[in-house]
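Data block below; observations after.
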Amino acid sequence: MANDTASLMDNIINLCKRRGFVFPSSEIYGGYNGFFDYGPLGVELKNNIKQAWWKDMVHRRDDIAGLDSTIIHHPTTWKASGHLENFTDPLVDCKESKMRYRADQLFFAPVVVAGETIGYVSVLEDDTMQEKAEQQAHDLKRKLAKQGELGPVVLKDLTEAAAEEIPLIPSPATGKPGSLTPPRSFNMMFQTYVGALQDASSLAYLRPETAQGIFINFKNVLDTGRFKVPFGIAQIGKAFRNEINPRNFIFRSREFEQMEIEFFISPEADWKTLHTGWLDYCMAWFDSIGIPREKLSLYDHPKEKLSHYSKGTTDIMFEFPFGVQELQGIAARGNFDLTQHGNTSGKPFDYFDEATKTKYIPHVIEPSVGVDRVFLAVLTAAYSEDEVEGEKRTVLRLHPRLAPFKAAVFPLVKNKPELLARAEEIYKKLKRRWNVFFDASGAIGRRYRRQDEIGTPYGITVDFDTIEKDGTVTLRDRDTLEQIRLSEDDLIKFLEEKIEG
RNA sequence: GCGGGCGUAGCUCAAUUGGUAGAGUACCACCUUGCCAAGGUGGAUGUUGACGGUUCGAGCCCGUUCGCCCGCUCCA
């Protein structure tokens, strides 16, 4: 049984590979770190997740419209959004302790005594770093037995250090200078060139989030759709981040897919209540596709760690096999993005509110979720092993809405032409509406088990009663193993209710 | 990017001091099979992750590289 977390994750990765859900990308060339391909069953599951989301977020609501923007936007988009400046992490390594620091969180100062620089001190960013640095400066002065007045300790972060200063700055880990590397920049946006010339003027970026495509189309959607605030724009699409260290299978990859909504509200609106409303709505949605509430939790980002644009962010966390991690972020973004794009483009995004006769730039609530993370969460929640008549059984308890195959049709045995013909007939009929599977080879029990492992919720078996007596078939439930007999009409009604209801 | 571990058939793993790869399972075909991985017969499958070196000879030793896992770091 998969009782320890490592083997549960291994089992899921293994099943994904073996049954064609997820492959390492470019596997014949040795794989490519941070990229994954979705196989025949994976693409079905992934599409079903996206379709369920689209249906519940867009089609079943009156106040949300869809959008599909390009992956490459005008490069100025990223200047306005702040990503060009803020989506870069300058990092510094200590070669001795092997510790890694963010250069903008590691501060240093020269220690000046009587006008002469006698050495350097370094501290990690926190509330008391100035005091700590001054204490270190005093200690250094005493240690070197220098006479004279200690100059003011002026802290700067490592990104401002001159090249010749780096070897003199002590590592916070060892307290000794000489082991820090110069800050190296890890820009997380993938770059490319648009057009024939590869120079600075043609530099462009693959989007690191789908959100900006929504913001830059705000006015287009507003002008054509007769929408009134509050309303939202939803988008599903690929996003790219050059992660330093992709980890945990498809959880953090370099090419991934997002489902994002920007829900525009009045600046006067009670954003906290709306924010909470979205949290509840999204939690309920997860529950409806088979991600149980007991595996979900909330995490409020501490105020001081919020991104430049955010008034408040709450993550919906999921208990993955490798730990509790973010599944969805729900941010109150204020009107930072619309304001920025308005100012930068010179086309202000003022909205005239007929109800209050006021003009304003709307604020947003942004529920943003990764398709691949939902995919992994769904698999984690669905994966189970049990025992049937003494034999171990692997079963994916996927919600019928998400299951790659909705049902599998079997003739009880395959050497009776009448059984085979009738089963094929039912299969073809069902296939017009749903993705169903047909299998005639091997013992019936084995065929059930094969479908259990890929999450097919129903097995439909054509037996001798079907062709000789009343025309009913048996319908076998994946989770309970129970069988009922249904006429063909009742079968269709049953599937309709379970899959679409 | 650093440290540690690992890489052999689709999967799980063997292969003696270095002597040019094998099992189980899965898969395909046929036979058998009246409801939960039954049985029989036959079949296909590998540049041992890649490249280079040492050697008469490398899955095994050495180097490089790619990938995976764990820890650190990162994750607006």
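As the structure is a computational prediction, the values presented were derived from the model and not from experiment.
For the residue pair A:Thr461 and A:Arg476, no side-chain donor N or O sits within less than 3.5 Å of a side-chain acceptor on the partner. Between the side chains of A:Thr210 and A:Glu260, at least one donor N or O lies within less than 3.5 Å of an accepting N or O.
One atom, CZ of A:Arg485, and another, P of B:rC35, lie 12 Å apart when rounded to the nearest Å. Following rounding to the nearest Å, A:Trp78 (CH2) and B:rA76 (P) show an atom-to-atom distance of 15 Å. The NZ-C1' distance, from A:Lys392 to B:rU12, rounds to 11 Å in whole Å. Atom CZ in A:Phe251 sits roughly 17 Å away from atom C1' in B:rC69 (whole-Å rounding). Taking atom CG on A:Leu106 and atom P on B:rU73, their separation rounds to 14 Å, with Å as the unit. Counting to the nearest Å, the P atom of B:rU25 and the CZ atom of A:Arg446 are 10 Å from each other. Look at CZ on A:Phe21: it is 16 Å from C1' on B:rG10, rounded to the nearest Å. Per the geometry, NZ belonging to A:Lys416 stands 6 Å off P belonging to B:rU33, to the nearest Å.
The listed nucleotides are B:rC70, B:rA76, B:rC35; the one nearest the side chain of A:Glu209 is B:rA76. Here the side chain of A:Asn14 is nearest to one of B:rU12, B:rC36, B:rU33, namely B:rU12. Nearest to the side chain of A:Arg18, among B:rA76, B:rG10, B:rG67, sits B:rG10. In the set B:rC36, B:rC70, B:rA76, B:rC70 carries the atom at the smallest distance from any side-chain atom of A:Asn248.
For A:Phe438, the ring-ring contact (aromatic ring centres under 6.0 Å, His included) partners two or more places apart in sequence, or in a different chain, are A:Tyr427.
Atom name C1', nucleotides B:rA26 and B:rC11: the rounded distance is 7 Å, in whole Å. The same atom, C1', is picked in B:rG63 and in B:rU73; the two are 28 Å apart, to the nearest Å. Going from the P atom of B:rU47 to that of B:rG5 covers 27 Å, rounded to whole Å. The separation of B:rU45 from B:rC28, taken at their C1' atoms, amounts to 11 Å, rounded to a whole angstrom. Distance check on atom C1': B:rG52 versus B:rU12 gives 32 Å, rounded to whole Å. Nucleotides B:rA50 and B:rG10 have their P atoms positioned 13 Å apart, rounded to a whole Å. Here the separation of B:rG59 from B:rA15, taken at their C1' atoms, is 9 Å to the nearest Å. Only the P atoms considered, B:rG67 is 48 Å distant from B:rC31, to the nearest whole Å.
Of the residues A:Pro246, A:Ser25, A:Ser253, the one that meets the side chain to side chain contact (heavy atoms under 4.5 Å, CB included) test with A:Phe36 is A:Ser253.
Residue contacts for A:Asp463: at a heavy-atom cut-off of 4.0 Å it reaches a base atom on one of the strands shown. Within 4.0 Å of A:Glu326, counting heavy atoms only, lies no atom of the nucleic acid at all. At a threshold of 4.0 angstrom between heavy atoms, the contacts of A:Leu412 include nucleobase atoms, whether or not backbone atoms are also involved. Within 4.0 Å of A:Thr474, counting heavy atoms only, lies at least one base atom of the nucleic acid.
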Exercise. Would A:Phe249 and A:Phe322 count as a ring-ring contact (aromatic ring centres under 6.0 Å, His included) if you check the C-alpha gap in whole Å, the side-chain angles of each, and the deciding distance to 0.1 Å?
Worked result: CA-CA 10 Å; A:Phe249 196 38; A:Phe322 43 84; 9.5 Å; no
For this session: Assess whether ring-ring contact (aromatic ring centres under 6.0 Å, His included) is satisfied between A:Phe410 and A:Tyr448, documenting all intermediate values.
Result: CA-CA 9 Å; A:Phe410 313 117; A:Tyr448 285 146; 5.5 Å; yes
Seminar exercise, completed: Protein-proximity profile, nucleotides 43-50 of chain B, B/S/- by nucleotide at the 4.0 Å heavy-atom cutoff, equals --------
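One finds a side-chain N or O of A:Asn33 lying less than 4.0 angstrom from the OP1 or OP2 phosphate oxygen of B:rC68. Contact between the side-chain N/O atoms of A:Asn415 and the OP1/OP2 oxygens of B:rU33 is found at a separation under 4.0 Å. Contact annotation: A:Arg450 side-chain N/O to B:rA26 OP1/OP2 distance is not under 4.0 Å.
Contact of A:Arg476 with B:rC36 (side chain to base): a donor-acceptor pair of N or O atoms is detected under 3.5 Å.
B:rA15 is unpaired under the Watson-Crick or G-U wobble criterion, no partner having all donor-acceptor distances under 3.5 Å. The partner of B:rC51 is B:rG63, judged by Watson-Crick or G-U wobble contacts that both fall below 3.5 Å. Across all strands shown, B:rA29 forms a Watson-Crick or G-U wobble pair, both distances under 3.5 Å, with B:rU41. Checking B:rG3 for Watson-Crick or G-U wobble geometry (two distances, each under 3.5 Å) identifies B:rC70 as its partner. Using N1 to N3 plus N6-O4 or O6-N4 for Watson-Crick, or N1-O2 and O6-N3 for G-U wobble, each under 3.5 Å, B:rC35 pairs with nothing.
A:Phe190 and A:Phe240 have perpendicular rings, their planes meeting at more than 60° on a 0 to 90° scale where under 30° would count as parallel. Between A:Trp278 and A:Tyr281, the angle of the ring planes goes over 60°, which puts this pair in the perpendicular group of the 30/60° scheme.
A distance below 6.0 Å separates the ring centres of A:Phe320 and A:Phe318.
Comparing A:Lys17 and A:Val473 against RNA chain B, the residue whose closest nucleotide sits nearer the 5' end is A:Lys17. Both A:Tyr32 and A:Pro208 lie close to RNA chain B; mapped to their nearest nucleotides by heavy-atom distance, the more 5′-ward contact belongs to A:Tyr32.
Formation of a donor-acceptor pair under 3.5 Å by the A:Arg447 side chain with backbone atoms of A:Asp439 is found in this model.
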